[in-house]
Engineer: 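Would you mind keeping the following structure in view while I ask a few things?
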Amino acid sequence: MKRLLHNLFLPLFAVTLCSGACSDDDNDRQPKPSGYDIYTAGYKTPSGKSVATVWKNGQELYALTDGTNNAWAYSVSVDNGTVYTAGYEQQGDAIVGKVWVNGALKYTVAPASGSAYLYSVSAANGSLYVAGSEDTGGALTAKIWKDGAEAYAYSVSPAVSQARAVTVSGSDVYAAGSLQSGLEKQLAVVWKNDKAHFTLTDGQTDAGAIALCADGRTLYTAGYVGTQAVVWKDADLLYTLTDGSSSAEATAVCRSGSALYAAGYQVDGFENEGVVWKNGQELYDLSDGSAQGSLPYAIAVYGDDVFSAGTLFGTSRTAVVWHGEEILHTLTDGTGHGEAYSMSVVPLYK
């Protein structure tokens, strides 16, 4: 599989549950949940066009678009029972960013000339924050929007930047993504409010930050350096998850108690093999034994319950949710393509 670059028709970015509050330090002190409500966001293609979709517990909750145009839901976040979703829709030659609340369109991000791609949403402090990129004049600029209005822009043309994840800790807004200037190698970057906070790589090889979570004052970022899947803790490399012999990326990161979990993929032969890692070591791979590969985009952990969401590859792409190594929900029926890009898990207590 080729490096995850921006591609309109094959969107492949993990904007995960853990781009919000990713740590659950109280896991060991709370009773075991009696169950979970699992929300996932992605797309289905029932009639050829991609329809932005949200599922709950394996059943379709919202079809966010009507199938007239291609559209994708990249991020879902549930806060106090309210379901927030971000994504984008193709409208003619332009891409229009969209934010939905409980299935209804709330905000549209549409530059006067160009396109807007929204990848991550986080509700905090009574406001709604969205990370993405705006394309004007052929140059992508990473941006954060707050309640539908631009809050921060992170590069100036001709530099190219993309913001893949956003999280809010206290009064500070953090974003993770990539920055490239001219012919230089792409850098993995974390921004804080309006400035670069950490430049995670040295520019010797292409790199990118894909997922982000905040644990108090500590930031964990998942992504890639060259062909290796990696996780950073603040500004420092924490884990190199793969050996670089084939292309690999960490697409999600989540902390539970004292353990740090990541999900992503590595290429095995001609297939993408989905993998879950715990504290830098492979925990298991994700496959049903018949599909031609898998790729998780999101991960959530409560105690011994590890959930991930993503795609099974075969004759079609199938959106799925895993519980541990086993498929818990198959979200699309295989008659068309479908993928799950994001997940929000709500624990239930009796």
Side-chain angles (χ1 to χ4, degrees), residues 1-7 10-16 18-19 22 74 119-120 131 133 140 142 160-165 174-181 184-191 196-213 219-254 260-283 285-286 293-299 308 310-311 313 339 341-342:
M1 178 179 176
K2 67 180 181 181
R3 174 63 60 208
L4 300 186
L5 297 173
H6 178 82
N7 183 312
L10 296 177
L12 210 57
F13 306 126
V15 186
T16 71
C18 298
S19 60
C22 74
Y74 271 99
Y119 296 124
S120 181
S133 300
L140 281 172
V160 174
S161 60
Q162 295 191 69
R164 305 288 182 80
Y174 298 91
S178 60
L179 174 66
Q180 184 174 25
S181 298
E184 297 177 1
K185 299 293 186 181
Q186 181 175 280
L187 301 171
V189 182
V190 173
W191 295 276
H197 188 46
F198 301 132
T199 300
L200 301 173
T201 53
D202 59 10
Q204 296 300 304
T205 187
D206 283 323
I210 299 173
L212 175 70
C213 72
L219 294 176
Y220 296 95
T221 309
Y224 65 91
V225 177
T227 58
Q228 294 179 306
V230 300
V231 173
W232 295 271
K233 179 180 179 182
D234 292 328
D236 298 319
L237 184 64
L238 179 63
Y239 298 127
T240 300
L241 302 172
T242 59
D243 63 11
S245 60
S246 63
S247 184
E249 298 184 357
T251 53
V253 61
C254 192
L260 189 72
Y261 294 81
Y265 78 92
Q266 57 187 356
V267 174
D268 182 7
F270 296 99
E271 297 178 358
N272 302 315
E273 180 184 79
V275 183
V276 172
W277 296 274
K278 179 181 179 181
N279 294 334
Q281 301 297 314
E282 181 174 325
L283 186 60
D285 64 81
L286 301 171
S294 58
L295 201 164
Y297 296 97
I299 191 167
S308 49
T311 304
F313 298 99
E339 299 190 68
Y341 294 129
S342 179

Engineer: Measuring from Leu260:CG to Cys213:SG, what's the distance to the nearest 0.5 Å?
Structural biologist: 6.5 Å

Engineer: To the nearest 0.5 Å, what is the distance between CG (Leu187) and OG (Ser161)?
Structural biologist: 11.0 Å

Engineer: Within the structure provided, determine whether Phe198 and Leu219 are in side-chain contact (heavy-atom separation under 4.5 Å).
Structural biologist: yes

Engineer: So which atom in Ala298 and which in Tyr341 form the shortest heavy-atom distance, rounded to 0.1 Å?
Structural biologist: CB-O, 4.5 Å

Engineer: Looking only at heavy atoms, what is the nearest atom pair of Tyr119 and Arg164, with distance?
Structural biologist: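 Looking at all heavy atoms of both residues, the closest pair is CB-O, 3.8 Å.
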
Engineer: Output the distance between atom CD1 (Ile210) and atom CD (Gln162), rounded to the nearest 0.5 Å.
Structural biologist: 10.5 Å

Engineer: Say whether, by atom type as modelled, one donor and one acceptor occur between the side chain of Ser178 and the main chain of Gly208 under 3.5 angstrom.
Structural biologist: no

Engineer: Write down the atom of Glu282, the atom of Gln266, and the distance for their closest heavy-atom approach.
Structural biologist: OE1-NE2, 3.9 Å

Engineer: Under the 3.5 angstrom rule, does the side chain of Thr251 hit a backbone N or O of Ala263 as a donor-acceptor pair?
Structural biologist: yes

Engineer: If you measure from OG1 on Thr240 to CG on Leu238, what distance do you get to the nearest 0.5 Å?
Structural biologist: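 One gets 9.0 Å once the value is rounded to the nearest 0.5 Å.
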
Engineer: So do the side chains of Val225 and Trp232 get within less than 4.5 Å of each other, counting heavy atoms only?
Structural biologist: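 Yes, side chains in contact.
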
Engineer: Search all heavy atoms of Tyr261 against all heavy atoms of Lys278 and return the closest pair with its distance.
Structural biologist: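 Closest approach of Tyr261 to Lys278, heavy atoms only: OH-CE, 3.4 Å.
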
Engineer: Answer yes or no: is there a side-chain heavy-atom contact under 4.5 Å between Val253 and Thr221?
Structural biologist: no

Engineer: Between Asp206 and Gln186 (side chain of the first, backbone of the second, donor and acceptor by atom type, cut-off under 3.5 Å), is there such a pair?
Structural biologist: yes

Engineer: Which heavy atom of Leu241 sits nearest to which heavy atom of Ala250, and what is that distance?
Structural biologist: CD1-CB, 4.0 Å

Engineer: Using a 3.5 Å distance criterion without hydrogens, assess whether the side chain of Thr227 forms a donor-acceptor pair with backbone atoms of Gly244.
Structural biologist: yes

Engineer: Taking Ala188's backbone N and O only, do any of them form a donor-acceptor pair with Thr201's side chain (distance below 3.5 Å, no angle check)?
Structural biologist: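 Pair found, side chain donor or acceptor close to backbone of Ala188.
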
Engineer: Let me know which of Leu286, Asp285, Val275 forms a side-chain contact (heavy atoms from CB on, under 4.5 Å) with Ser294.
Structural biologist: Leu286

Engineer: Under 4.5 Å between any side-chain heavy atoms of Trp277 and Thr242, yes or no?
Structural biologist: yes

Engineer: Minimum heavy-atom separation for Glu249 and Ala229, please, with both atom names.
Structural biologist: C-CB, 3.4 Å

